[in-house]
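One structure is given below, encoded as structure tokens.
By convention here, the first residue in the shown sequence is residue 1. Excluded from the calculations below are hydrogen atoms, water molecules and symmetry mates; all remaining heavy atoms, backbone and side chain alike, are included.
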Amino acid sequence: MPSEPEHLVQLEDEATLAEIVAIEAILADAGMEAPVRAGMIRHSAGDLPWHLLWVTALAYFVKPFAEGAMTRVGERTADAGWEKLADIAKRMRAARTGANGRFEIEDAPSKAQFHITADLPDEAFKALTEIDLSIPGNAGNVFVWDHEAGHWRPVL
């Protein structure tokens with residue numbers, strides 16, 4: 001079993017205690033301990049939508065596949081990896097108050113960020129675990145899901 005990576009969730013300063021507790025419960029239910037901090041300071045004359053940044057090691061969700069060595073069991077384990085990622089992300093997004101918000105997953109080692117929208121299909125989560133983040137152009141980049149092309153597209 002892979003060791004747990006370092007996880008961190010950051011929310012905007014205005015996040016409610018109920019939202020913080022809900023995110024902590026989602027991670028605990030998935031077997032991950034992570035600090036959930038509400039402290040992102042944002043400046044605006046008006047109200048801003050919520051913001052959630054989940055920093056994790058995406059390799060955690062693909063490592064079971066590598067250990068499965070392409071066996072049928074390994075393939076099922078790999079599916080469970082991306083499915084676990086999708087489940088956690090969808091539950092985190094649903095835990096936030098209101099539909100209008102911003103959610104990113106950041107791969108801790110590469111610093112690549114992925115914008116997670118409410119309409120993100122399962123294929124996007126599977127593809128998220130297949131991106132080679134060791135490629136120089138991918139590390140530190142920001143990605144959005146291209147619905148028409150069916151793949152993650154770098155923004156920068």
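A distance of 6.5 Å separates CG of Leu85 from CG of Leu58, quoted to the nearest 0.5 Å. Rounded to the nearest 0.5 angstrom, Arg102 CZ and Leu53 CG are separated by 9.5 Å. Between the CD atom in Glu83 and the CZ atom in Phe61 there is a gap of 12.5 Å [rounded to 0.5 Å]. Atom CG of Leu120 sits about 8.0 Å away from atom CG of Leu128, to the nearest 0.5 Å. Atom CE in Met40 sits 6.5 Å away from atom CG in Leu11 (nearest 0.5 Å).
Listed by first and then second residue, the side-chain hydrogen bond (donor to acceptor under 3.5 Å, both in side chains) pairs involving residues 108-122 are Lys90-Asp122, Glu106-Gln113, Asp107-Ser110, Thr117-Asp119 (not counting sequence neighbours). Within the structure, salt bridge (Lys or Arg N to Asp or Glu O under 4.0 Å) pairs that include any residue of residues 10-25 comprise Glu12-Arg96, Glu14-Arg42, Glu19-Arg96 (at least two apart or interchain). Pairs of residues two or more places apart, or lying in two chains, never qualify as side-chain hydrogen bond (donor to acceptor under 3.5 Å, both in side chains) while including a residue from residues 140-156.
Scanning both residues, Trp54 and Ala89, for their nearest heavy atoms gives CZ3-N, 4.4 Å. The two residues Ala22 and Ala95 have their closest heavy-atom pair at CB-CB, 4.0 Å. Ala15 approaches Ala38 most closely through the heavy-atom pair CB-CB, 4.0 Å.
Under the 4.5 Å side-chain heavy-atom criterion for ILVMFWY residues, no single connected hydrophobic cluster contains both Leu133 and Val144.
Considering only residues two or more places apart in sequence or on other chains, Ala28 meets the side-chain contact (heavy atoms from CB on, under 4.5 Å) condition with none of them. Not counting sequence neighbours, Phe125 has no partner by the ring pair (Phe, Tyr, Trp, His ring centres under 6.0 Å) test.
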### Task
Apply side chain to side chain donor-acceptor pair (under 3.5 Å) to His51 and Gln10, showing your working.
CA-CA 8 Å; His51 191 172; Gln10 295 179 346; over 6 Å; no
### Query
Given the rule in the side-chain contact (heavy atoms from CB on, under 4.5 Å) test, do Arg91 and Asp29 qualify, once you have shown the distances and angles that lead to the verdict?
CA-CA 11 Å; Arg91 290 174 60 203; Asp29 186 49; 3.0 Å; yes
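Screening Thr56, Ile26, Val55, Ile23 for a side chain to side chain contact (heavy atoms under 4.5 Å, CB included) involving Val9 leaves a single residue, Ile23.
Note on ring orientation: taking the six-membered ring where Trp is involved, the planes of Tyr60 and His7 are perpendicular (angle over 60°, cut-offs 30° and 60°).
Looking at Ile131 and Phe114, their side chains come closer than 4.5 Å, going by heavy atoms from C-beta outward. By the 4.5 Å heavy-atom criterion applied to side chains, Leu8 and Arg37 are counted as neighbours.
Applying the under-4.5 Å side-chain rule to Ile, Leu, Val, Met, Phe, Trp and Tyr, the cluster around Leu48 consists of that residue alone.
Remark: the backbone N or O of Asn100 is paired with a side-chain donor or acceptor of Trp50 at under 3.5 angstrom.
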